[in-house]
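What follows is a short report on a single structure.
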Amino acid sequence: MEQLRPVHPDQVPTLAVLGTGTAGMQADAVPADAGWRWRVGNDGPAAAVRSVRATWDLGPSAGPVRVFCHGWQSWSACRTAVLGVDRDPATPEVHPLRRQLQHADPEPAEPGELRSEGVVLIARPGRPLLCAGAVGATSHDTTFRVLLDDRGHVLLTAEAVLGAAVLESGGSRELHPLVVAEGDDAHDLLAWWAERFADVQQARTAAPYQVGWCSWYHWFTGVTEHDLHATLARSDEWPFDVIQLDDGYQHDIGDWLEPNETFPSGIPHVAESIAAAGRTPGLWVAPFLAMGASTTATAHPGWLARWHDGRPLVGNHNPAWGGNALALDVTNPEVLAHLEHVASELVAMGFRYLKLDFLYAAAVPGVWHDPSRTPAERLRLGLEAVRRGAGPDTFLLGCGCPLGPAVGVVDAMRIGPDVEPSWAVPPHHLATPADYLDTPPSTRNGYRATLTRAFLHRRWWLNDPDCLMLRHTATSLHAEAIETWARAVGLSGGMALVSDDLALLGPAERRLLDEVLAIGRQADTATGPNQPRCTDLLEPGLPRVLEGGGRRLELLDADLATSRLS
Ligand code: 9PG
């Protein structure tokens, strides 16, 4: 990394505290090793702090400014945009539920600004690339905002997102340090930041390469006990370590220990039959959500987070579940005890792999039992409760999860939107606002994230690029797209879970899986320049080139999904 230079700050930022009743608050920032340390203190009465901002004037640019915009949670878009041309998708017209799903700050972006979560890269003609990042996210998220002012200067703002957390009178909060570096290579800069962050949060990166099967992308919520048994009966010939049952088995969202009528033999039986087949039992749960009609919500209305008007807080609107799923209040000690209990019960049943989904629900704005907690702290409280219950040896996979706060708790993380048995966004998701079409399920969207977030693999956790789909029937993926996606998963070094009805797979599909696993193991254990990396991170549009383990995958046609592996 000779081409990477930490920048020693000389320019003092302009600081601002945003919120309600924050007049008595001051922020200060002091230069520190390769960046800044900053804090906010409250000399006035207790007040709700929305955020603290530090802004630097980077001066004029000699031409178009490209910004690598990193997404907030697993499914959020991650892409390079052009300042003054592309816009942040969070406009006032977008429904607040969609904004709170995708961004640390659910308020609309300012016109003209681009936002990036946790880290940002700024590319200006004739200048070295600039990388700024926050080192840590256990206390708060950090959003970077890049804007051209009316003189044509590039303004960079780092914003500590406190989400209306109450800071008591006389209190203060240390904010996560900011680091800045210049360099020539986008991947190297991102990796430099990710490694600093990982050290501070003690990332869990030691889990073995994961090969397995998941029920979601063939059966979706329609999966039955019969489907699981049929899979297990065929699995002898497949090299799966983990067999993970996804959404569809549970009595209701929120009631994870009771099955519905499609799993008549019960949930312990799921774990027992997978273990009897010699595989690691895996299960999907959305631990922070509960449907209003679930036993959890009806028996414990006090466990629900609330809107300001007292109604329960909606965590996700999902037609597949019959409507609104409500957010459990993870700042309530009873809820934390419940989360710990559910995780320990699942482990007692035999599950050793838990896919924890819709985790961003802990971070949405509302009225919470402990108003002093930030969204990142709420998420961390909930995740730590699950980890306590699951024990240190259970493999925890985050999904739908704000990334930074989960580092050090989870073993793996979904780093992109859902794939889909279709390359492009399928018609039933086209109601998505045009600015958000990088986020609905589609294999192309999964491909984009697999490249743009390749730098996180084995630095923060194991990347989960989402499932392989190898079948050539019961899918809209054509042969080229199946191969391109499978090879991208391989070169990324990330988790390789197959999501097919095994009855639909033959020798050709098996050969492709074997090729992907061989490439995957090589990429996963590669060191130095052979670690997985995307080499065109700063090209607007779909990135094309992924290298890993000495191999190179190049996307030739972004619509046809044709690619070349060398
Ligand atoms: C199960 C699925 C699978 C999948 C997850 C997640 O915004 N939404 O309504 C939305 C619904 C489902 C979804 C993502 C977003 O997929 O990523 O792998 O486990 O849940 O329901």
Side-chain angles (χ1 to χ4, degrees), residues 71-77 89 94-103 106 210 212-223 242-250 252-254 256 260 262 282-291 314-327 353-361 363-364 396-403 406 410 412-422 425-426 428-433 436-443 445-446 449-450 453 463-469 485 489 494-500:
W72 178 54
Q73 57 115 323
S74 304
W75 308 323
S76 305
V94 171
H95 195 280
L97 282 179
R98 187 182 299 280
R99 288 193 250 111
Q100 78 174 28
L101 176 79
Q102 299 291 353
H103 311 281
Q210 297 287 309
W213 176 91
C214 162
S215 58
W216 182 250
Y217 298 95
H218 181 79
W219 284 285
F220 298 93
T221 50
V223 65
V242 60
I243 302 272
Q244 182 244 310
L245 178 61
D246 214 280
D247 186 3
Y249 67 89
Q250 69 281 355
D252 206 345
I253 297 296
W256 308 109
N260 60 38
T262 65
L283 194 70
W284 174 94
V285 288
F288 305 157
L289 292 181
M291 299 305 282
V314 174
N316 183 259
H317 176 80
N318 192 337
W321 299 336
N324 289 338
L326 309 174
Y353 174 117
L354 298 177
K355 174 176 174 182
L356 311 173
D357 206 350
F358 292 89
L359 298 177
Y360 73 88
V364 304
L396 296 183
L397 165 64
C399 187
C401 184
L403 298 192
V410 299
M413 180 64 83
R414 250 291 279 294
I415 48 77
D418 288 21
V419 293
E420 172 83 16
S422 154
V425 174
H428 57 277
H429 285 299
L430 283 177
T432 307
Y436 280 96
L437 279 173
D438 291 354
T439 59
S442 84
T443 302
N445 283 342
T450 301
R453 283 183 169 150
N463 273 7
D464 173 15
D466 209 6
C467 293
L468 300 160
M469 293 160 291
W485 171 239
V489 170
M495 293 169 53
L497 267 70
V498 171
S499 196
D500 292 299

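Residue numbers run from 1 in the order of the sequence given. Computation of the quantities below employed the complete heavy-atom set of this structure, encompassing side-chain atoms and omitting hydrogens, waters and symmetry-equivalent molecules. All ligand and atom numbering here is 1-based and tracks the order in the structure. Being a predicted model, the structure only gives us computed values, none of them experimental.
Annotation for Q102 and W72: closest pair O-CB, 3.5 Å, computed over non-hydrogen atoms.
Scanning all protein heavy atoms for the shortest distance to atom 3 (C) of ligand 1 gives D246 OD1, 3.4 Å. Nearest to atom 17 (O) of ligand 1 among the protein's heavy atoms is D418 OD1, 2.5 Å. Nearest protein neighbour of atom 12 (C) of ligand 1, counting heavy atoms only, is F358 CZ, 3.5 Å. Considering only non-hydrogen protein atoms, atom 6 (C) of ligand 1 sits nearest to D357 OD2, 3.1 Å. At the shortest separation from atom 21 (O) of ligand 1 among protein heavy atoms lies D247 OD2, 2.7 Å.
Residues E420 and S442 have side chains that never bring a donor and an acceptor to within less than 3.5 angstrom of each other. Looking only at atom types and distance, the side chain of D247 has a donor-acceptor partner in the side chain of W321 under 3.5 Å away.
The aromatic rings of Y249 and W256 sit tilted, their planes meeting at an angle between 30° and 60°.
With N445 as reference, V425 is the one residue of T439, V425, V419, D418 to meet the side chain to side chain contact (heavy atoms under 4.5 Å, CB included) rule. Across D246, L468, D466, L497, a single residue satisfies side chain to side chain contact (heavy atoms under 4.5 Å, CB included) together with Y217, and that is D466.
Less than 4.0 angstrom separates some heavy atom of R414 from each of these atoms of ligand 1: 17 (O), 18 (O). Near K355, meaning under 4.0 Å from one of its heavy atoms, ligand 1 places the atoms 3 (C), 4 (C), 18 (O), 19 (O).
At a 3.5 angstrom cut-off on N or O pairs, W75 counts as close to ligand 1. Residue W321 places no N or O, backbone or side chain, under 3.5 Å from any N or O of ligand 1. Distances between N or O atoms of Y217 and those of ligand 1 include at least one value under 3.5 Å.
Contact check for R414 versus W75: side-chain heavy atoms found under the 4.5 Å cut-off.
Remark: side-chain polar atoms of N318 are paired, donor with acceptor, to backbone N or O of A320 under 3.5 angstrom.
Under 4.0 Å from ligand 1, the heavy atoms of N316 that appear belong solely to its side chain.
Heavy-atom separations between C399 and ligand 1 include at least one value shorter than 4.0 Å.
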